[in-house]
There are 2 protein chains.
Amino acid sequence: MDATRLIRDLLREKQAELTAAERKLSAVLLDDSMVAGLQSITRLAERAEVSSPTIIRLARKLGFDGYPDLQDAIREEIAERMKRPLAKLETTARDDQRDHIVSRFAEAVSSNINRTLDRLDFATFDETAALLSDQSRRLHLLGGRITRSNAHYFFNHLQIIRPGVHLLDNSSSVWPQALLDMGESSTLVIFDIRRYERELEKLANLAVSQGANIVLFTDAWGSPIERRATHVFRAMVEVPSSWDSTLAINFLIEALVAEVQSRCSASSAERIGALEDMIGASRIFRS
Amino acid sequence: MDATRLIRDLLREKQAELTAAERKLSAVLLDDSMVAGLQSITRLAERAEVSSPTIIRLARKLGFDGYPDLQDAIREEIAERMKRPLAKLETTARDDQRDHIVSRFAEAVSSNINRTLDRLDFATFDETAALLSDQSRRLHLLGGRITRSNAHYFFNHLQIIRPGVHLLDNSSSVWPQALLDMGESSTLVIFDIRRYERELEKLANLAVSQGANIVLFTDAWGSPIERRATHVFRAMVEVPSSWDSTLAINFLIEALVAEVQSRCSASSAERIGALEDMIGASRIFRS
DNA sequence: AATTTCTTGTAGTGATTGTTACAAGACGGG
DNA sequence: CCCGTCTTGTAACAATCACTACAAGAAATT
């Protein structure tokens, strides 16, 4: 075997011509930097839930003589990596890829989520989850130009979990109608990151004056709506891009969805069941 | 053997009560961070120039059952060290809240993004970015029940950056019309994670038969559309929730947006300028 | 110098491994 | 719908493995 090429890359390269079982195996290998490939073939087979011949076939596809040959290559590779100081470990990727967008992006995103988490008050999180789980309250979601997608994502899940969830249209002309429904038992969830949109603030003010309470997702600098909101989540959004990253916001949304789901699980089970039925009944584009 | 203790330390500690041959062996092991201990006993014996029983005796002295038991410990230790520290989200020091949903969620998300990155082929990424930046191509985006939000997010940005971007409705009844537009110069971006929707597959097949090429975002298990797609992105989606996490998918989307933006920057600058003007001209809900 | 103790390797074993051949099953094309 | 191709696991095999018993040699003690 020639080697010099990292097995990880080899594996990714051939990914297209791999079969289902082989991909399952490759996933296990990729998962912990090929370390799983140092066990005996039998154990690896069990771990990846494939048969041992599948392992041999994959090894051959990658150009190795057999499993032991592949193991040798893996061991060599790992030995090579272990020699490096710990600090350099993370850049084991080939040098030319160290400053690939994806790498730089990953670093920024990681830092964003970390810092967002640092700033997050768990009490606020729990209170918000309780608020959103309260089925006697009506929920309205609203996003700005970019964050509308986030609002949509949140809506998508909440709507399945519980009743009384509404996504506000982004054409402000229909907002007045929606406002009619917002009273003391309403919660308005707003997403507002820079450039903060005046229209969102307007709506927030009107909603508050009608007794609704507001949950706000914004960025580190803080939207003007902050002072109207009872619960505020500040997320870090900066990445090496012309656009802001809403990944940290999505993180908060997903975590909230998980928590709300578990709080509503009893009542939402039948709701989801009913939904499944309706979906099944309405397939129109099928064969 | 439990041994939460590092083998390296164990070895150093016992150094005094080791015999000459055993020390020779331990030197070889220490030399490359125990990696040599992953070979078969015979080969390690050759490499260290001792006999195989010596190896077993050392393993026993360290408290292991036998050589395979020692190997297991070494492998575990190495696996631990190989974990990529890159996007490692420290689930902060707050001990009392270590198993709060948010913390557990953070851990899962971190692992998801890392593993997604491990699996990501940079060449595929670059090719896709080029494809999406090619303004002579028409872009269509399509998502499933949940992933529709992701498609929407992607659409939201791409549409601002360049012309010819279309988001397919999620009611399949209007797809036939959209299909009319899909030819050889069309790219169809599909999001399909479990439960894979047959309708998406149908559409993919039809689009391919008309000459369109497909970029697919799916999960680790792989959608049936994979074989139709020219570019596939597999993301990890599992989190401690009843729902899957599309955060890793969003990561890919945002990174692609950044790259496409920078490739289109020249032409998109004026486009964004024009957009700003239009937004300014159409404020109807203002004070 | 003789005896004991300790160290180490050799040779042989049973167990486990990696491998192959084959057959059942899934899948796609006509 | 059937046929051929591709995929995958089962079962049997040979090779290799980890391990034991034993004995030769070295070192230490008397």
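First the proteins, then the strands, lettered A, B, ... as listed; each starts at 1.
With sequence neighbours left out, the ring pair (Phe, Tyr, Trp, His ring centres under 6.0 Å) criterion links B/His152 to A/His152. Applying the ring pair (Phe, Tyr, Trp, His ring centres under 6.0 Å) test to B/His166 and every residue at least two apart in sequence or in another chain returns B/His140.
Residues B/Leu216 and B/Arg228 form no side-chain contact, since every pair of their non-hydrogen atoms from C-beta on lies 4.5 Å or further apart. With a 4.5 Å cut-off on side-chain heavy atoms, B/Leu139 and B/Arg162 count as touching. Contact annotation: the side chain of B/Leu58 never approaches that of B/Val50 to less than 4.5 Å [non-hydrogen atoms, C-beta and beyond]. Contact annotation: the side chain of B/Phe122 approaches that of A/Ser103 to within less than 4.5 Å [non-hydrogen atoms, C-beta and beyond].
Among the candidates A/Thr42, A/Leu29, A/Leu44, the single residue satisfying the side-chain contact (heavy atoms from CB on, under 4.5 Å) test with A/Ile55 is A/Leu44. Results of the side-chain contact (heavy atoms from CB on, under 4.5 Å) test with B/Phe154 over B/Leu252, B/Val165, B/Leu132 single out B/Leu132 as the only residue that passes.
For residues 176-203 of chain B, every residue pair satisfying the ring pair (Phe, Tyr, Trp, His ring centres under 6.0 Å) rule, not counting sequence neighbours, is listed here: B/Phe191-B/Phe217.
If one axis is set at each end of the helix from C/dA1-D/dT30 to C/dG30-D/dC1 from five pairs, those axes are 30° apart, to 10°.
Atom-to-atom, CD of B/Glu22 to C1' of C/dT7 comes out at 9 Å; the value is rounded to the nearest Å. When the C1' atom of D/dG9 is taken as reference, atom CG of A/Leu58 falls 16 Å away, rounded to whole Å. A straight line from CG of A/Leu18 to C1' of D/dT8 spans 14 Å, rounded to a whole angstrom. Rounded to whole Å, the distance from CD1 on B/Ile55 to P on D/dT20 is 14 Å. Atoms NZ (B/Lys61) and C1' (C/dT8) sit 12 Å apart, rounded to a whole Å. Rounded to whole angstrom, the span from the CZ atom of A/Arg23 across to the C1' atom of D/dT7 amounts to 12 Å. What separates CG of A/Leu25 from P of D/dT8 is a distance of 11 Å, to the nearest Å.
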Anything under 3.5 Å between a protein N or O and an N or O of nucleotides 25-30 of chain C, put it in a table, one pair a line.
| from | atom 1 | to | atom 2 | distance (Å) |
| --- | --- | --- | --- | --- |
| C/dG28 | OP1 | B/Arg227 | NE | 3.4 |
| C/dG28 | OP1 | B/Arg227 | NH1 | 2.6 |
| C/dG28 | OP1 | B/Arg227 | NH2 | 3.2 |

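Between the side chains of B/Glu226 and B/Ser223, no donor-acceptor pair of N or O atoms lies under 3.5 Å.
With distances taken from any side-chain atom of A/Thr19 to the nucleotides D/dT7, D/dG9, C/dG9, the minimum falls on D/dT7.
Outside the 6.0 Å centre-distance limit, the rings of A/Phe105 and A/His100 are not counted as a close aromatic pair.
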(request) Could you encode protein contacts along nucleotides 15-23 of chain C as a string, one character per nucleotide from 5' to 3', using B for base contact, S for sugar-phosphate-only contact and - for no contact, with a heavy-atom cut-off of under 4.0 Å? (result) --SBBB---

